Amino acid sequence: MADSGTKVKMEQVKCASGDPITVLRFAGDITSSSEPAVLGTYGGLSPETSKRILLDFSKVEYLNSSGIALIIQLLYAASQKGQTVQTFGLTPHFQKVFTMVGITKYTKLYPDEAAACAGFE
Amino acid sequence: MADSGTKVKMEQVKCASGDPITVLRFAGDITSSSEPAVLGTYGGLSPETSKRILLDFSKVEYLNSSGIALIIQLLYAASQKGQTVQTFGLTPHFQKVFTMVGITKYTKLYPDEAAACAGFE
Amino acid sequence: MNGKNVNSIELRLPSRLGFEKVAMSTASSVAKLMGFAPDRVEDLKTAVAEACINAMEHGNKLDESLIVDVILSMNEGSLEVKVLDTGTGPPEGVHAPDMDKKMHGEEASRGMGMFLIQSLVDEAEWVSAPLTGSYARLVIRLNNTGD
Amino acid sequence: MNGKNVNSIELRLPSRLGFEKVAMSTASSVAKLMGFAPDRVEDLKTAVAEACINAMEHGNKLDESLIVDVILSMNEGSLEVKVLDTGTGPPEGVHAPDMDKKMHGEEASRGMGMFLIQSLVDEAEWVSAPLTGSYARLVIRLNNTGD
Ligand SMILES: Nc1ncnc2c1ncn2[C@@H]1O[C@H](COP(=O)(O)OP(=O)(O)O)[C@@H](O)[C@H]1O
Ligand SMILES: Nc1ncnc2c1ncn2[C@@H]1O[C@H](COP(=O)(O)OP(=O)(O)O)[C@@H](O)[C@H]1O
């Protein structure tokens, strides 16, 4: 059985102001089996150098409530460490779902990467 | 039950040489229930003014063997009346299917409208 | 399923996480045939996925030899989906997630499936029938353009 | 279907033309889960559609109360699809279309379904079992990249 699984790519970018931003680019599925990809990758970031984190969902094909629970755990951990997390690339449907469950109180949803970067300023 | 049905649009264009071409632009499904759309529309063309016919499949979502049978009937009728028929806009999969059943002996498949138009010259 | 029900389509899946995607595709295709708008099809897909995951995980305890049965019934203006498992059904009603509690570690990060189902469809109920199996029943209506 | 078969997914459809699209979506989704390439998924979709249409039209004579049963069995390197109806199966073997005859009105324009099925999949057979119903059986293999 081919498992489409979760792919994640870590990237460092700079926003207009020159501040460094860590981008986690997810692809594939985010489900209950994505813990290593989501929390493992997040856990590898240093709280000192990764103050600003951007979650890129634009290549995510399937996201369920267990996957959203992992994102909530990431947000919880980040809030504990004083990191700011912004989000972009969600389809209109999943923007609605994130809003329904109330995540938008803890991470803002932006239409694209440029807007999300600007959101840190 | 919403029936996505067969849509067909008739258009007159000119090829580079200035010769008039009749384009039948299909959209939706081509199945056993598409007889009015396929043969009815074809039957409304005058054999004198529609010597060159172009079949545009680029908006077709679903095509089955009963639909292909209607296209064969159209090609048969056109060959009787001395009309030339060219085809474009089929996906690679349906180009393969048309080739498998042998239709390509009676209509050439082109990648796009410009190439298909040029094929009349 | 009653073989005489000419408006029902049935899908039977082993309880393996991931197979809910097959139910999503099947439900999506039925909803498109019925003429549902793309955003309602998305609502339905997420609701069906969550119901199937719950049936596999909680109802059938991830025993792959136990079947999740998905029955799609097409009515004049609505589509009903029943997702059946062999368990005793959810012990409690729908719980709305409290994000503040989740963000303070006072509530599990999970536990949003039933809430999402209820929020995304026009009607949702859970019927517990310990002897014959239990089911989640969802309805989306054609004249509802969504929230 | 044997409830113990943890690698089988079953879809049951009334014999209504158009519902073959639901079978296409279900089969496509299973094939994608198994990792089939997009062109092979297209081959499978067309083959499954043609088999369902034949089951509805010829096997079940378009009686909507008769079910077409689609059983998808996932094996290590292949996907098998059985499409069952309540009829006696095709009376003859697969007939390759003769386009010249069709273009001279000497052969019906139809009659390409079984040929397409056989051409698009890696294995195809028709099993006639007048008492229990008949089925078309198709197999596509993962290691075959298509023609
Ligand atoms: N089909 C079911 N059978 C038994 N229990 C269920 C079923 N669906 C839901 N439940 C119960 O309801 C609880 C809440 O479900 P849900 O909101 O989907 O969140 P989660 O599945 O993440 O726990 C589950 O933890 C489970 O105890
Ligand atoms: N499931 C079936 N049950 C009974 N007869 C069948 C079945 N499938 C095919 N046949 C028979 O085989 C013939 C050829 O089928 P096919 O090649 O698909 O073309 P078509 O369906 O266009 O006639 C049909 O006309 C029918 O007589």
Side-chain angles (χ1 to χ4, degrees), chain A residues 1-6 28-39 42-43 53 55 57 60-85 87 90-109, chain C residues 14 16-25 28 31 36-58 62 64 94-121 124 145-147:
Chain A
M1 185 69 52
D3 194 333
S4 71
T6 317
D29 297 349
I30 305 191
T31 66
S32 53
S33 54
S34 310
E35 190 164 334
V38 175
L39 299 182
Y42 167 77
I53 298 173
L55 306 181
F57 288 96
V60 172
E61 284 161 28
Y62 170 53
L63 181 58
N64 64 25
S65 71
S66 306
I68 296 174
L70 293 172
I71 302 298
I72 293 172
Q73 288 179 50
L74 185 159
L75 292 175
Y76 175 49
S79 78
Q80 304 275 53
K81 297 188 190 149
Q83 297 160 308
T84 318
V85 184
T87 296
L90 285 167
T91 62
H93 174 67
F94 278 107
Q95 290 177 32
K96 182 169 82 178
V97 166
F98 272 49
T99 307
M100 274 176 179
V101 298
I103 294 191
T104 39
K105 199 167 160 185
Y106 296 94
T107 183
K108 282 219 185 91
L109 313 183
Chain C
R16 189 183 303 167
L17 289 179
F19 281 10
E20 75 274 12
K21 286 197 205 176
V22 179
M24 292 170 82
S25 296
S28 159
F36 279 96
D39 62 324
R40 300 272 30 222
V41 174
E42 290 306 311
D43 291 347
L44 178 73
K45 281 167 68 181
T46 294
V48 165
E50 297 296 328
C52 286
I53 293 169
N54 280 349
M56 292 173 182
E57 209 168 57
H58 305 303
L62 295 176
E64 294 196 355
V94 177
H95 165 80
D98 183 327
M99 202 50 54
D100 290 331
K101 284 197 179 153
K102 288 189 197 297
M103 287 303 290
H104 292 91
E106 294 158 15
E107 178 178 298
S109 58
R110 289 194 50 171
M112 297 174 290
M114 289 171 68
F115 170 77
L116 276 181
I117 293 170
Q118 191 176 57
S119 309
L120 290 170
V121 299
T145 55
D147 7 0

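Reminder, nothing fancy here: chain letters follow the sequence lines and each chain counts from 1. Note that the structure is predicted; figures quoted are calculated from it, not measured. Below, all heavy atoms of this structure are taken into account, side chains as well, without hydrogens, waters or symmetry copies.
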So which residues of residues 46-53 of chain C are in contact with chain A at a heavy-atom cut-off of under 4.5 Å?
C:Thr46, C:Ala49, C:Glu50, C:Ile53
If I compare all heavy atoms of [X] with all of [Y], which pair ends up nearest, and what's the gap?
X	Y	value
C:Met112	A:Ala69	CE-N, 3.8 Å
A:Val101	C:Met99	O-CE, 2.9 Å
A:Tyr106	C:His104	OH-CE1, 4.1 Å

Measure the shortest side-chain to side-chain distance between A:Tyr62 and C:Met24 over non-hydrogen atoms and say whether it is less than 4.5 angstrom.
yes
With a 4.0 Å cut-off, would you call C:Asp39 and A:Lys96 a salt bridge?
no
Please determine, among C:Glu57, C:Lys45, C:Glu20, the option with the most heavy-atom pairs under 4.5 Å with chain A.
C:Glu20
Determine the option with the most heavy-atom pairs under 4.5 angstrom with chain A, choosing from C:Gly18, C:Gly113, C:Gly105, C:Gly111.
C:Gly105
Could you state the interatomic distance from OG (A:Ser65) to CD1 (C:Ile117), rounded to the nearest 0.5 Å?
8.0 Å
Got a second to check how far C:Lys21's NZ is from A:Thr31's OG1, nearest 0.5 Å?
8.0 Å
Exercise answer: donor-acceptor pairs, residues 71-79 of chain A side-chain atoms, under 3.5 Å, sequence neighbours excluded:
{"residue": "A:Gln73", "atom": "NE2", "partner": "C:Ser109", "partner atom": "OG", "Å": "2.9"}
{"residue": "A:Tyr76", "atom": "OH", "partner": "A:Gln80", "partner atom": "NE2", "Å": "3.2"}
{"residue": "A:Ser79", "atom": "OG", "partner": "A:Tyr76", "partner atom": "O", "Å": "2.8"}

All ring pair (Phe, Tyr, Trp, His ring centres under 6.0 Å) counterparts of A:Phe94, not counting sequence neighbours:
none
Verify the neighbour count for atom NZ of A:Lys81: are there more than 12 heavy atoms of other residues, nucleotides or ligands below 6.0 Å?
yes
Under the salt bridge (charged side-chain N to carboxylate O under 4.0 Å, His left out) test, which residues partner C:Asp100, sequence neighbours left out?
A:Lys105
By a 4.5 Å heavy-atom criterion (distance strictly below it), what part of A:Ser32 contacts chain C: side chain, backbone, both, or neither?
side chain
Going through the checks in order, is the side-chain contact (heavy atoms from CB on, under 4.5 Å) test met by A:Met100 and C:Leu120?
CA-CA 9 Å; A:Met100 274 176 179; C:Leu120 290 170; 3.5 Å; yes
